[in-house]
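Input: a single structure, listed below in structure tokens.
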Protein chains: 2
Amino acid sequence: MSKSVNKTITLKEVAAAAGVSVSTASRALSGKAEAYRISSATEQSVRKAAEKLQFSPSLLARSLRSQQTKLLGVVLPNVANPFFAAIAREITLAAEEEGYSVLLTDSQENSETEARLVDQLQARQIEGLVVCPVGIENRHLKSLAKQKLPLVLVDRGFDDPALVSVTSDHRAGAREGMQQLLEAGHKTIGVLQGLPKTLPNRERLAGVQAALEDQGLKYDPSLIAGHNFDEASGYAAAKILLTERPEITALFAFSNQNALGALRAASELGRTIPDDLSLIAFDDHPFAAYLAAPLSSVSQDVNQLGRVAARLLLEQIRTGTPPEQKHYQIPVQLIQRASIQPPA
Amino acid sequence: MSKSVNKTITLKEVAAAAGVSVSTASRALSGKAEAYRISSATEQSVRKAAEKLQFSPSLLARSLRSQQTKLLGVVLPNVANPFFAAIAREITLAAEEEGYSVLLTDSQENSETEARLVDQLQARQIEGLVVCPVGIENRHLKSLAKQKLPLVLVDRGFDDPALVSVTSDHRAGAREGMQQLLEAGHKTIGVLQGLPKTLPNRERLAGVQAALEDQGLKYDPSLIAGHNFDEASGYAAAKILLTERPEITALFAFSNQNALGALRAASELGRTIPDDLSLIAFDDHPFAAYLAAPLSSVSQDVNQLGRVAARLLLEQIRTGTPPEQKHYQIPVQLIQRASIQPPA
DNA sequence: ATGAAAGCGCTAACAT
DNA sequence: ATGTTAGCGCTTTCAT
């Protein structure tokens, strides 16, 4: 064991140690000995020298030369959010399997930051990009696609037919969730919505409406409240709805954070779940089963979301052409627990 | 708006467009016009050309030339785990602020994978590395430090004095948690431990022992069970402990996943929290307050953990020398809720 | 079967 | 005040 500081070894030094030229060393080490008819003696001595010197090729130099960085970019609104973290993980694992590394960035739910990060990733010559777009603004993303950079949108797609996107089947999920409430006999159902203009939110509202119409009921916009997917919005919306419309017997929260807010609001208003109020939430959660009232939910298959996005991206890079199908929908799953009861 | 595919613009083309040499273009764009006494007319024309062509310098080429990649590596046992995701986020945000990008990898709780990823990151010439080590094995990490690569360990440090690490004050936290149980009057307390040989686990056990000894009670290893930080281990350990030692009146779970397992086991055994069994857990959770029995916990300041790690790493890179203090402890916070009651 | 040399896009030392 | 040149470490064409 040497105690000296190991300086970085270059191919040149390996070549010198093996007594060959850099080109021969390069060929020997990159498995092209056969193709270049390099004698196996030479090949071995190069390999041995590399081994001894602990040579590790500079991916930087290789990338510059080959114009292939083996780098993927990922832009998420909030890396700490378990939902996005799960997506990050799937992409990371899939990338690693194919020799790609992942540059992870956090747009902080801000469209301008998102655009800036995308530019920065491009400056690093990423070969592909996964974005969970923050908002409605998608000019910068469209322009990426025009530049032929393989791009996949996850979770919050746009209805832009030019962009490849992977989302849950929000509409079907919301419809099924709503059906649960309706089948239990609820007639006046409050909806705690998320960020209004996003595609998931719009799709979920459409699902709610469809379920209502299935039953011959009419969609009443005054039963919709909320402005975001967080706890605060859920709390405020539930508080308003339950106060102004005391005839409400059930709530559909569009995120589990919204549901948490609803729980807090309900408790403050003295309404117990499920006896005095039924509740269902979009997105399942490990703790959902252990709540005072085990929470029924519409569960997104977030791992699948990430996996499909990664697969689509890597395939697009490999083949050089975008997939024919542009929009991929991942089914959601209804998880029935005890937070829904017939109205009193 | 042109419809053509924007090919990548190089400095050479900008220089040509501005009618100057590449070096002048380089200097004009990197704010060195002053230092090289470039006429502001020239500077402006270069800037304008760059703007018009939408020039974005290749960080790849710049990195190769300058031997500074502005790249940080992060290795986490499981990116999808909210605890690690929070750390990833803090590092990402801090890095971004100083112009660094982050290569994120997932070791899948596997030491060999961890070592492989570290090598791979080195091949990309990262300037610094944050690792949440998987296990006990730390040869590859020590060797990194010897190679003078700035390195910071988070969460699961080693007691190796050569390595810089940031961890919660596990010992104090466990001691305080235990005190809560003891002060409520519990005498026989089961411990649901995590991965036994890890530093956090050992430190927490030491804290438990200290709290016991404070009260003149003795530490009974047969009251310790479990082998991991996940739900399954918590469940199995709680099941065994509560079955074999029915005199146990309280449980200390070393992770919130362990606590979840305990909840399931207790429910199966017909013991209600907090009436028939008290419970406290390491790690708080947004849902903890909304459980059937709002869960008391010892909360780690995970954001602070990530922030301090990032700061230490960036400082180390900036100054070129490791910090004098090697081990940083982040205080934990006791969160009192309703899951602890005096024994029946 | 192997070496020499060019070049990926950039920066900086060395000319003028 | 600006141009020329070398070189970061690698791969590959072209030569022998």
Side-chain angles (χ1 to χ4, degrees), chain A residues 6-47 49-50 53-71 99 122-127, chain B residues 6-47 49-50 53-71 99 122-127:
Chain A
N6 314 22
K7 74 174 280 295
T8 313
I9 302 299
T10 70
L11 193 58
K12 196 173 162 188
E13 303 170 74
V14 174
V20 298
S21 71
V22 272
S23 22
T24 303
S26 170
R27 301 192 263 241
L29 292 176
S30 47
K32 289 175 188 145
E34 190 91 349
Y36 282 90
R37 317 186 327 146
I38 285 175
S39 76
S40 61
T42 317
E43 184 186 349
Q44 285 317 309
S45 81
V46 173
R47 290 223 125 89
L53 297 175
Q54 298 205 57
F55 170 71
S56 161
S58 162
L59 297 187
L60 221 51
R62 182 178 285 177
S63 295
L64 181 60
R65 165 70 223 216
S66 65
Q67 294 296 60
Q68 300 216 336
T69 54
K70 287 281 182 182
L71 237 33
Q122 271 200 290
R124 293 216 183 254
Q125 280 158 263
I126 50 168
E127 293 182 32
Chain B
N6 314 19
K7 76 175 278 294
T8 313
I9 301 299
T10 70
L11 194 57
K12 196 171 161 188
E13 302 170 76
V14 174
V20 298
S21 72
V22 274
S23 30
T24 302
S26 170
R27 302 192 261 242
L29 292 176
S30 47
K32 286 172 190 149
E34 191 91 350
Y36 281 91
R37 315 188 324 148
I38 284 175
S39 76
S40 60
T42 318
E43 184 185 350
Q44 284 318 310
S45 82
V46 172
R47 289 223 126 89
L53 298 175
Q54 296 206 58
F55 170 71
S56 161
S58 162
L59 297 186
L60 220 51
R62 183 177 284 176
S63 296
L64 181 60
R65 166 69 225 219
S66 66
Q67 294 296 60
Q68 299 215 339
T69 54
K70 289 282 183 180
L71 238 31
Q122 271 200 289
R124 291 212 185 256
Q125 279 156 263
I126 50 168
E127 293 182 33

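Residue numbers start from 1 in every chain, and the chains themselves are labelled A, B, ... in the order their sequence lines are given, proteins ahead of strands.
Listed pair A/Ser66 / C/dC8 fails the phosphate criterion, with no side-chain N or O lying under 4.0 Å from OP1 or OP2. Not one side-chain nitrogen or oxygen of B/Ser23 sits closer than 4.0 Å to the OP1 or OP2 atom of D/dT4. For A/Lys32, no side-chain nitrogen or oxygen approaches OP1 or OP2 of D/dT11 to under 4.0 Å. Distances shown here put a side-chain N or O of B/Gln67 below 4.0 Å from the OP1 or OP2 atom of D/dG9. Between B/Ser21 and D/dG3 there is a side-chain polar atom (N or O) within less than 4.0 angstrom of OP1 or OP2. The side chain of A/Lys12 places no N or O atom within less than 4.0 Å of a non-bridging phosphate oxygen (OP1 or OP2) of D/dC8. The phosphate of C/dC8 (OP1 or OP2) has no side-chain N or O of A/Gln125 nearer than 4.0 angstrom.
One interatomic measurement links the two molecules: CD1 of A/Ile38 to P of C/dG3, which rounds to 9 Å at whole-angstrom precision. B/Arg27 places its CZ atom 20 Å from the P atom of C/dG9, with the value rounded to the nearest Å. Between the CG atom of A/Leu60 and the P atom of D/dT11 there is a distance of 13 Å, rounded to whole Å. Look at CZ on A/Arg37: it is 15 Å from P on C/dG3, rounded to the nearest Å. Atom-to-atom, CZ of A/Arg124 to C1' of C/dC10 comes out at 14 Å; the value is rounded to the nearest Å. Protein atom CG of B/Leu29 is 9 Å distant from nucleotide atom P of C/dT11, rounded to whole Å. Following rounding to the nearest Å, B/Lys70 (NZ) and D/dC8 (P) show an atom-to-atom distance of 22 Å. For B/Gln68 and C/dA12, the CD to P distance is 10 Å, given to the nearest whole Å.
Within the 4.0 angstrom heavy-atom criterion, only backbone atoms of the sugar-phosphate kind lie near B/Arg62; the bases stay farther away. Using a 4.0 Å heavy-atom criterion, one finds that A/Ser30 contacts no nucleic acid atom at all. At the heavy-atom level, A/Ser26 lies under 4.0 Å from base atoms of the strands shown. Counting any heavy atom pair closer than 4.0 Å across all strands shown, B/Ser63 reaches no nucleic acid atom.
The side chain of A/Tyr36 sits closest to D/dT13 out of D/dT13, D/dT2, D/dC10.
A donor and an acceptor atom never sit less than 3.5 Å apart when one is taken from the side chain of A/Arg65 and the other from the base of C/dG9.
Counting only residues at least two apart or on different chains, no salt bridge (charged side-chain N to carboxylate O under 4.0 Å, His left out) pair has a member in residues 22-37 of chain A.
Remark: the backbone N or O of A/Ala123 is not paired with any side-chain donor or acceptor of B/Ser56 at under 3.5 angstrom. Side-chain N or O atoms of A/Glu127 include one that pairs as donor or acceptor with a backbone N or O of A/Thr69 at under 3.5 Å. Panel note: side chain A/Glu13, backbone A/Thr10; a donor-acceptor pair is recorded below 3.5 Å.
With rounding to the nearest 0.5 angstrom, the CZ atom of A/Arg47 is 6.0 Å from the CG atom of A/Leu29. Between the OG atom in A/Ser26 and the CZ atom in A/Arg65 there is a gap of 9.5 Å [rounded to 0.5 Å].
Looking at which nucleotide of DNA chain D each of B/Leu64 and B/Ser39 is closest to, the 5′-most match is held by B/Ser39. Remark on DNA chain C: of its neighbouring residues B/Phe55 and A/Glu43, the 5'-side contact belongs to A/Glu43, judged by nearest-heavy-atom nucleotide.
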